[in-house]
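Atoms considered below: every heavy atom in the structure, side chains included; atoms not considered: hydrogens, waters and symmetry mates. Numbers restart at 1 for each chain; the letters A, B, ... are given by sequence-line order, proteins then strands.
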Protein chains: 2
Amino acid sequence: MAIPRAARTQRRTRIQEEKEEIILEAALDVFSVSGFRGSTIDQIAEVAGMSKPNVLYYFRTKEAMHRALIDRVLFTWLEPLRAFDSNGDPESEIRSYIRRKLEMARDFPRESRLFANEMLQGAPHVEDELRGPLKALVDEKAEVIRSWARAGKITKCDPYHLIFSIWSTTQHYADFDVQVRAVLGQDHSGEGRFEDAARYLEQLFVDGLRIRHT
Amino acid sequence: MAIPRAARTQRRTRIQEEKEEIILEAALDVFSVSGFRGSTIDQIAEVAGMSKPNVLYYFRTKEAMHRALIDRVLFTWLEPLRAFDSNGDPESEIRSYIRRKLEMARDFPRESRLFANEMLQGAPHVEDELRGPLKALVDEKAEVIRSWARAGKITKCDPYHLIFSIWSTTQHYADFDVQVRAVLGQDHSGEGRFEDAARYLEQLFVDGLRIRHT
DNA sequence: TGTAATGTTTACCAATCGGTCAAATTATCT
DNA sequence: AGATAATTTGACCGATTGGTAAACATTACA
């Protein structure tokens, strides 16, 4: 008899690992565009190249798929912020944070859109993670930024809104990709737009913060 | 016999105006949260307080509702950019543009989310408007910014990415409202966060652009 | 190789989807 | 008031939704 995935507690089969990966990949394709409510298991099954019941053999519900995806994305998504080093030089830390976030927008746009979709819907599945681990991490980094300001290494500014502005400006190139391409036109819609964005954003933030050059 | 709305060419009844307004208001509630695919006519009908066939009496399809909503939002959404005055002082123009966009994020968050949802889905209903009127308007304002840079009134920077960064930072407070509230915590989640954001963003952009004070 | 566990599919279910229809109700105008 | 047009709704339609049951196929392992 077939035992659905969620009921298994023992180690996973080779096939399980492969198929679950294929399904999550397909689910990311679909969820990131249409959001949770707008996506269907049939769409995911088609993209994954298997039948709907087969998908449901590995993930018992649509919610289980979404949950697994969100959990994975949430972790890797905060990686750049965790890497933010309180002992580093403020200017280079902020520069590399911007660069890393921009690279993620370029290389993982679906993950960005999945997250954006979840936020737009009011974060029904992850509000706890926002109030808990995310807030804790941001609080910690905000304190680092504040200490830089106290030490005179950086212009005094609201560290929370600084972080928000880095998030929004970088993720914009993933979430609003269509708009960016449409406005830039065919000429500037190549991958070069990310380098232009990096140049512009580093200038905006570093000069904007009046970071003293060492 | 009842003549559905779209077939009418004569002037509209008082009831028509009222009900269409109620329906669009409800549709904005629903579409802005769940996106087009994730929203149902039943939801809209319930929010509007009328039966589904009655909603469909005024808008023949779900798409017609969405289209009417998008058209209206797209127009008012670009109002602040249109108001961007090429004859004005660069610093005060940019300051007031930021302020206006932030006010819209505060006062019309549903409109912002409706638009964001449409972008996330790849702008299936408005890509033409993006490539046409929107691009034309941005091109025009970008040229203004470039002329300010040539005249030495402003630091040289990519005007398109400057506009993108103003859009993203301001709309962030509408689209990612849940996240902003969660990270700021209860203490700073009041309406005061918009004033904090305005202060921070004006500092970021104006100083970042090294605008010479007159 | 045999067999038990795992994986896959066809057929199906009740609920919900977008949308229609005709009948009933209400507003408008003379 | 009465006639006519505009509005509203309950019943309904075929298609699609998330999910299940059970038969069938494949794999892993003794």
field: A/Y57 side-chain N/O to C/dG7 phosphate OP1/OP2 under 4.0 Å
entry: yes
field: Below 4.0 Å: OP1/OP2 of C/dT8 and any side-chain N or O of A/Y58
entry: yes
Which of the following nucleotides, [options], is nearest to the side chain of [X]?
X	options	result
B/I41	C/dG19, C/dT8, C/dC17	C/dG19
A/D42	D/dG18, C/dT8, D/dA6	D/dG18
A/Q16	C/dT6, D/dT17, D/dT8	C/dT6
A/K62	C/dG7, D/dG18, C/dG18	D/dG18

- request: Verify whether the ring centers belonging to A/H125 and A/F36 lie closer than 6.0 Å.
  value: yes
In whole angstrom, what separates [X]'s [atom1] from [N]'s [atom2]?
X	N	atom1	atom2	answer
A/I23	C/dG7	CD1	P	11 Å
B/F59	C/dG18	CZ	P	16 Å
A/I22	C/dG7	CD1	P	13 Å
B/E20	D/dT8	CD	P	11 Å
A/E18	D/dT26	CD	P	17 Å
B/R37	D/dT17	CZ	C1'	10 Å
B/I44	C/dC17	CD1	C1'	13 Å
B/L56	D/dC13	CG	P	18 Å

Just jot down the side-chain contact (heavy atoms from CB on, under 4.5 Å) partners of [X], sequence neighbours excluded, or say none.
X	answer
B/R37	A/S34, A/T40, A/Q43
B/T61	B/E63, B/A64
A/P133	none
A/K19	A/I15, A/I22, A/M50, A/Y58

task: Tell me, please, whether A/F75 has A/R82 positioned over its six-membered ring: NZ or CZ under 6.0 Å from the ring centre and within 45 degrees of its axis?
output: yes
- request: Look at the rings of A/Y173 and B/F164 and say which category their plane angle falls in: under 30° parallel, 30 to 60° tilted, over 60° perpendicular.
  value: perpendicular
query: Distance-only, no hydrogens or angles: does the B/R113 side chain make a donor-acceptor pair with backbone N or O of B/A174 under 3.5 Å?
result: yes
Watson-Crick or G-U stems involving DNA chain C, each at least 3 pairs long, distances under 3.5 Å, ordered by first number: C:1-30 with D:1-30
- prompt: Is it true that atom CZ of B/F108 has more than 12 heavy atoms of other residues, nucleotides or ligands lying nearer than 6.0 Å?
  reply: no
message: Heavy atoms within less than 4.0 Å of DNA chain C: which residues of residues 45-54 of chain B have one? Give them sorted by number.
response: B/K52, B/P53
